[in-house]
Amino acid sequence: MIDLAAFRADPEAFRRAWTARGLAIDVEALLAEDARVRALKHRAETLKAELNAASRAIGAAARAGGAALEEAKARARALGDQQKAADDERAAAERALHERLLYLPNPCLPEVPLGKDSADNRVVGVWGEPPRFAFAPRPHWELGPQLGIMDFERAAKLAGSGFATLRGLGARLSRALINWFIDTHVANGYTEWSVPHLVLPAIMQGTGQLPKFADQLYRCRDDELLLIPTAEVPLTNLHADEILDPALLPLRYCAYTPCYRREAGAAGVGTRGLTRVHQFDKVEMVWFTTPERARADLDTMIGHATWFLSELGLHHRVVQLCTGDTGFSAACTFDLEVWSPGTQSWLEVSSCSTFTDFQARRANIRYRGPDGKPRFVHTLNGSGLALPRCLIALVETYQQGDGSVLIPPVLRPYLGGCERIAPARQG
RNA sequence: GGACAGGUGGCAGAGCGGUCGAAUGCGCUGGUUUCGAAAACCAGUGUACCCUCCCGGGUACCGUGGGUUCGAAUCCCACCCUGUCCGCCA
């Protein structure tokens, strides 16, 4: 949620920011609506003050015992009707404005490159080189089933299209990565959480998934609960409606959760195998920090995420998203992309963003500033990392001519020393 | 799921329908005292929005939402949450 006072002070800055995102927001109408709400509020509150005074007078008169008591009550009643009407009008206008604000995206930071879509994103760093093969590298959706570590057909039997199963060393490899990620985060000072995978609508609103992106969420038919699309949602909202002790900042949290996404409208595009599925595992990092250090903290977080890819020896790059490609709640986003030799393309395995105070306003997450007054925190989050695409890159990068796949040395301790995945007898 | 009990300020804990944003205690902050500390004493100590040049003023918030009333922390209804017991269950 944007800061209405800031908007009022410099509406043109917001207009520019929204234009950069490719949105034409009627700034004048918004200003007018804001002014109207405040006028209605003032009127309702003034009437309420009069009514309160009248009521107090009646209380005093009743104790004193006066003849004019009934007349005073009648006057108060009339005033009350008037006040009630004014207050209803005020409430309706406030609700409408608030609802409208929920649909306005976060302005991007000035450093974010202007652009329309992903074609305008800026590559800011590349690590390594694409692996070379003495044979034609195959995609994971061929390698996986052949090695007996992925099974897409049976997943479709269970849940329809867009799901995957991992089998044997595939499942174990995924679990090894999760453990390695979390162990590393904890060593880096993150606190690990285990959180609900089902949350209330208000929680989804706090991080910005609702109300605008309801069609991307799985919902329960008989309960007011939604499946999380990322651990960002429960982790960030852990501190909703709280005032944090500044001595604790920055708070660094991480969690492993499955992520559930309907992917409405994404059918057909890069959806083979594990590339884009309705349910996938992810380890997520979430920071609560101060406005002053948020941007620097984002770089630190990106460093934490890229470190894994380097350790795994996977060719990867860092991309700064342009204004048109930056997500609704984010102010600045860097994607980490890993190279898929099997498809000769980049796969996003992490997205690290600062949300400035946008989520903090929605979720009401504050801390005590130097003056002792509550201020909104800045929230950051990033994948660290998303599992399926790491598996894709690992399998495709380390595939051998004989169809086996080598395990990078860093992961071997998490796999009981296993160095290689060879085709296994399947049942 | 059923039966009880309860949800009040950072915590504990009062609160006859009117002067309650709310007693009291603790905690916290500042001060006095002290060589210093403790103790004691004094003062202060919620959040949000609105009006105002300042001083200051107004409104709202006692789980949430409705209702009754001139007036609700106090009465009524619904819901949510917590605790205890029962049932069911990994």
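No hydrogens, no waters, no symmetry mates; every other heavy atom, side chains included, goes into these values. Every chain is numbered from 1 and lettered A, B, ... according to where its sequence line falls, protein lines coming before strand lines.
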Paired nucleotide for [N] [Watson-Crick or G-U wobble; both distances under 3.5 Å]:
N     : answer
B:A73 : none
B:A39 : none
B:G9  : none
B:A90 : none
B:A3  : B:U84
B:C61 : B:G46
B:U19 : none
B:A14 : none

Looking at every strand, decide which applies to [X] at a 4.0 Å heavy-atom threshold: base, sugar-phosphate, or nothing.
X      : result
A:R368 : sugar-phosphate
A:K73  : base
A:L79  : nothing
A:R375 : nothing
A:A54  : nothing

What distance, rounded to whole Å, do you find between the two [atom1] atoms, one in [N] and one in [M]?
N     : M     : atom1 : result
B:G83 : B:A23 : P     : 29 Å
B:U64 : B:U8  : C1'   : 15 Å
B:C61 : B:C53 : C1'   : 30 Å
B:C89 : B:A5  : P     : 28 Å
B:U69 : B:G63 : P     : 23 Å
B:C80 : B:G71 : P     : 29 Å
B:A48 : B:C54 : C1'   : 23 Å
B:C77 : B:C86 : P     : 29 Å

> Which of parallel (below 30°), tilted (30 to 60°) and perpendicular (above 60°) describes A:Y260 and A:H197?
Replying inline: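 Judged by the thresholds at 30° and 60°, the geometry between A:Y260 and A:H197 is tilted.
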
Practice task
Determine the interplanar angle of the A:F213 and A:F328 rings, folded into 0 to 90°, and report it as parallel if under 30°, tilted if 30 to 60°, perpendicular if over 60°.
Solution key: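 Perpendicular: the ring planes of A:F213 and A:F328 meet at over 60°.
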
Check: Do the side chain of A:N237 and the main chain of A:V233 share a donor and acceptor less than 3.5 angstrom apart?
Finding: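 Judged by distance alone, yes, a pair lies under 3.5 Å.
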
query: Is a donor on one side and an acceptor on the other found under 3.5 Å between the side chain of A:R100 and the backbone of A:E33?
result: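 No: the side chain of A:R100 does not pair with the backbone of A:E33.
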
[N], OP1 or OP2 - any side-chain N/O from [X] closer than 4.0 Å?
X     : N     : answer
A:R90 : B:C50 : no
A:N52 : B:A60 : yes
A:R56 : B:C20 : no

Without decimals, in angstroms, what is the distance between [X] [atom1] and [N] [atom2]?
X      : N     : atom1 : atom2 : value
A:N364 : B:C49 : CG    : P     : 10 Å
A:L51  : B:A60 : CG    : P     : 9 Å
A:L97  : B:C50 : CG    : C1'   : 15 Å

So with a 6.0 Å cut-off around CZ of A:R43, is the heavy-atom count from everything else above 12?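 At most 12 heavy atoms, drawn from other residues, nucleotides or ligands, come within 6.0 Å of this atom.
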
* **No-hydrogen, no-angle side-chain donor-acceptor test under 3.5 Å, A:T356 and A:N106** =>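 Yes, side-chain donor-acceptor contact under 3.5 Å.
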
Side chains of A:S340 and A:E396, donor plus acceptor under 3.5 Å:
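Distance-only check passes for A:S340 and A:E396.
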
Using the side-chain heavy atoms of [X], tell me which of these nucleotides is nearest: [options].
X      : options             : value
A:R366 : B:G18, B:U59, B:U47 : B:U47
A:K41  : B:C49, B:G18, B:U59 : B:C49
A:H42  : B:C50, B:A60, B:U47 : B:C50
A:I58  : B:G18, B:A60, B:C51 : B:G18
A:A49  : B:C50, B:U59, B:U47 : B:U59

Query - Point-to-point distance, once rounded to the nearest 0.5 Å, from CG of A:L309 to CG of A:L385 - result: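 Answer rounded to 0.5 Å: 5.0 Å.
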
With nearest nucleotides of RNA chain B determined for A:E45 and A:A72 from heavy-atom distances, which residue corresponds to the more 5′ nucleotide?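 The 5'-side residue here is A:E45.
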
Exercise. Would you kindly compare A:T46 and A:E94 by the position of their nearest RNA chain B nucleotide and give the one closer to the 5′ end?
Key: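 Taking each residue's closest nucleotide, the earlier one in sequence belongs to A:E94.
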
